[in-house]
Amino acid sequence: MAASDATTPVHTPVDDDAPGPPISVPDSADTGEGGKIKMIVQLVKKCLGVKDIAAMRLSLPASLLEPIPNLEYWHYLDRPDIFAAINDSNDPFERMLAVLRFAFTKDLKFIHGKVCKPYNSVLGEHFRAHWDIVPLAYPDEPTKPPLPLIYTTPAGSSSAVDPITVISETASVKSTKSSKSTRSGLSFLSKPGKSPSTAATSPQQPSEVDAVNAQISSLNLADAEGEPSRLRVVYVTEQVSHHPPVSAYFATCPARSLQLSGIDQISAKVSGTTLRVAPGQYNQGLFVNITGGHGKGERYHITHPIASVNGILRGSFYVTVGDSTIITCEGGKPGQQYRTIIEYKEESWLGKAHFLLEGVIHTVHEGDTEHKEWTKVKHVPQSRVVAVFDGSWRGQIRWRRVGLGSYPQLKSSAASSPVPSHETLPRTPLSSAAASKLELVGHDEEYVTLLDLSTLKVVPKTVRPLEKQLPHESRKLWVSVTDNLVKKEFSEATKEKVAIEQKQRDEAAERKRKGVEFVPRYFEKDIEKGYANLTAEGWTAVEEELKEDSSFCIEGSENAQLLS
């Protein structure tokens with residue numbers, strides 16, 4: 001693209017319903033990283049003092065955007081196999097551990113990929129996709145964590161891969177063979193100029209691989225042709241409001257009787273040189289429902305923490321997390337229930353970030369409400385703690401049982417409570433498996449691994465080809481912008497982006513003139529409860545996605561293979 005094209009003035013759409021003055025920056029003739037940083041600095045200066053950037057009239061040059069729609073970018077299923085494992089155990093404590101693993105893996109994109117700004121969603125835009133995953137395998141040793149499979153390309157694969165086919169730092173399951181539009185948009189999370197590696201950061205040890213293979217064999221997962229049986233996870237989302245910008249989402253794994261739902265809305269504010277991102281008014285977290293099987297009737301509520309985007313002025317973005325995440329279980333069979341507190345540790349103003357956390361799992365007494373006030377580790381009474389954990393949300397997290405409350409059919413006993421500084425606690429090993437319940441009283445287990453996030457990569461989604469998508473489906477709606485961004489035709493991409501946004505405003509003005517209210521297609525209008533129920537058409541979309549054909553081809557090579 002010629003330099004003169006980059007400075008072509010572009011009309012900034014006017015949105016009469018948005019609060020406050022419009023915020024925009026002109027496209028720069030410098031399309032390199034230096035030009036982007038200059039535009040970002042200008043944008044940060046304009047946003048200082050703005051109460052909520054997410055609710056403003058914000059129009060960015062396309063050169064500052066990554067070629068992926070917002071609805072596709074946010075889905076909380078970076079590891080759908082770990083989501084699908086929530087209902088695997090008949091022990092409620094083990095199910096809480098499984099939900100905890102899901103909470104840590106739902107946003108892996110921020111661990112291995114760069115921070116990016118996707119397209120803003122337009123009203124009525126929707127997106128759907130699915131994953132076909134091999135169930136998690138469980139080692140014979142009960143203290144060991146489940147072993148997710150590693151998706152990778154074989155040795156010798158070409159590193160000269162078109163950037164749109166690079167899923168993450170490891171290649172993974174590809175969508176159906178058709179047009180390039182079916183490739184995962186998360187391909188753009190890879191670090192610039194870095195080719196995909198052929199293995200995970202820390203490969204599994206041979207004994208672990210053997211355990212995976214043995215477990216798959218013992219579960220008889222292979223079908224008639226020897227291909228491991230797969231679980232399908234389906235995802236549907238729709239932009240249901242433009243002011244404020246709100247989307248509703250729903251995911252399900254029917255084979256494991258699991259459903260996930262919630263409302264996506266953020267509040268963003270510039271504080272110094274940091275962008276602080278918090279849940280918006282309608283965003284109450286994630287809701288996981290178990291509709292059958294071991295945990296039938298259980299409902300898990302996972303709240304969102306506070307996140308900050310740092311390194312803005314240096315052009316080296318990274319995310320830190322603060323505050324707490326609370327996981328609460330309600331419903332289900334009579335018996336012991338649990339609640340989890342994840343406390344993210346405050347980062348130092350000096351030195352690099354450490355991304356540390358600690359937390360507890362504690363018992364919940366039926367009819368008691370005092371636990372609702374407990375938001376930090378130190379708030380939980382010693383007698384209620386049944387497990388503690390700590391580590392890094394970008395690396396390894398360890399956990400251990402404390403007392404008896406986490407054992408099936410045993411009552412909780414007083415035990416040592418963790419302290420915020422995580423001083424060394426007494427670690428008395430458990431007796432042998434044959435030990436009586438009385439011998440276990442007061443004993444604490446050694447720490448074991450909950451999961452190692454540094455070894456896990458994003459599992460890409462399968463998306464129907466453009467020719468099978470509706471006009472307002474994300475990839476089809478934004479295809480002209482995406483194509484121009486991929487070709488680095490930033491001026492044309494900006495023009496296409498502005499045209500799409502202006503069309504939305506024209507449609508909104510026409511509805512206002514006629515006195516017609518927008519009605520979502522896939523979700524009901526009520527979002528006050530933190531999630532929206534599917535409409536009849538929404539359920540139809542889910543059923544269609546469950547029946548969608550897929551080939552299990554690995555992205556990046558026709559001869560690639562799935563390795564455990």
Side-chain angles (χ1 to χ4, degrees), residues 85-104 138 142-143 145-146 256-258 285-303 324-343 358-389 397 399-418 425 428 430-431 433 435-448 450:
I86 287 175
N87 198 22
D88 283 359
S89 175
N90 61 2
D91 178 5
F93 176 77
E94 293 288 345
R95 289 195 295 274
M96 176 58 81
L97 283 180
V99 175
L100 183 59
R101 292 189 185 98
F102 165 64
F104 284 130
Y138 296 84
T143 62
R256 291 294 186 265
S257 303
L258 288 168
L286 296 86
F287 297 87
V288 177
N289 291 332
I290 301 180
T291 60
H294 299 303
K296 183 178 181 180
E298 288 180 350
R299 184 191 191 210
Y300 292 85
H301 178 211
I302 307 169
T303 65
S324 301
T325 287
I326 309 296
I327 305 175
T328 306
C329 177
E330 296 180 344
K333 302 173 184 177
Q336 185 63 71
Q337 289 188 333
Y338 301 94
R339 181 174 179 265
T340 296
I341 300 175
I342 307 171
E343 185 177 341
E358 65 177 357
V360 296
I361 301 176
H362 67 82
T363 55
V364 174
H365 295 162
E366 186 176 357
D368 190 8
T369 60
E370 64 174 335
H371 62 269
K372 294 182 179 180
E373 304 299 321
W374 303 341
T375 59
K376 294 185 180 297
V377 169
K378 64 182 180 181
H379 295 162
V380 184
Q382 296 180 2
S383 61
R384 300 287 287 275
V385 176
V386 296
V388 297
F389 55 90
I397 299 173
W399 77 281
R400 69 186 181 101
R401 300 178 192 260
V402 179
L404 291 178
S406 60
Y407 292 92
Q409 301 176 352
L410 293 181
K411 293 184 179 180
S412 170
S413 63
S416 300
S417 178
L425 300 177
T428 306
L430 284 174
S431 305
S436 69
K437 294 179 181 179
L438 289 177
E439 289 178 271
L440 294 174
V441 174
H443 283 242
D444 300 335
E445 287 190 359
E446 294 284 349
Y447 277 100
V448 294
L450 179 73

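Below, each value reflects all heavy atoms present in this structure, side chains not excepted, and no hydrogens, waters or symmetry copies.
A donor-acceptor pair is defined here as one N or O able to donate and one able to accept, closer than 3.5 Å; such a pair exists between the side chain of R339 and the backbone of W374. Under a 3.5 Å cut-off, the side chain of N87 and the backbone N or O of G295 do form a donor-acceptor pair. In this structure a side-chain-to-backbone donor-acceptor pair under 3.5 Å is missing from T325 to I342. Distance alone, capped at 3.5 Å, is enough to place a donor-acceptor pair between the D91 side chain and the F93 backbone. No donor-acceptor distance shorter than 3.5 angstrom exists from the side chain of Q337 to the backbone of T328, with no hydrogens or angles considered.
Separation of atoms CG (L450) and CH2 (W399) is listed at 8.0 Å; rounding is to 0.5 Å. The distance from atom OG1 of T340 to atom CE of M96, rounded to the nearest 0.5 Å, is 4.0 Å. Between the CG atom in N90 and the NZ atom in K333 there is a gap of 8.0 Å [rounded to 0.5 Å]. T291 OG1 to L258 CG: the interatomic distance, rounded to the nearest 0.5 Å, is 7.0 Å. Taking CD from E446 and CZ from R400, the interatomic distance works out to 8.0 Å, rounded to the nearest 0.5 Å. Atom CD of E343 is separated from atom NZ of K378 by 7.5 Å, given to the nearest 0.5 angstrom.
Contact between S257 and G293 at its shortest, heavy atoms only, is OG-N, 4.2 Å. Contact record, V364 with Q336: O-NE2, 3.5 Å, taken as the closest heavy-atom pair. What you find for A85 and A98 is that their closest heavy atoms are O-CB, 4.0 Å.
Applying the side chain to side chain donor-acceptor pair (under 3.5 Å) criterion to E330, with sequence neighbours excluded, gives no partner residue. Considering only residues two or more places apart in sequence or on other chains, R95 meets the side chain to side chain donor-acceptor pair (under 3.5 Å) condition with E298. Take T375 and apply the side-chain contact (heavy atoms from CB on, under 4.5 Å) test, not counting sequence neighbours, and it matches H379. When the ring-ring contact (aromatic ring centres under 6.0 Å, His included) test is applied to H301, the partners found at least two apart in sequence or on another chain are F287. The ring-ring contact (aromatic ring centres under 6.0 Å, His included) check on F102 picks up F83, with sequence neighbours excluded.
Within the 4.5 Å cutoff, the side chain of V99 has no heavy atoms near those of the V288 side chain. Counting only heavy atoms from C-beta outward, the side chains of R256 and I86 never approach each other to under 4.5 Å. Counting heavy atoms from C-beta outward, Y338 and I327 have side chains that stay 4.5 Å or more apart.
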Query - Step-by-step side-chain contact (heavy atoms from CB on, under 4.5 Å) determination, Y300 to L286 - result: CA-CA 8 Å; Y300 292 85; L286 296 86; over 6 Å; no

| said: Between I361 and L97, does the side-chain contact (heavy atoms from CB on, under 4.5 Å) criterion hold? Intermediate values first, please. | reply: CA-CA 9 Å; I361 301 176; L97 283 180; 3.7 Å; yes

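Using a 4.0 Å cut-off between charged nitrogen and carboxylate oxygen, R401 and E94 count as a salt-bridge pair.
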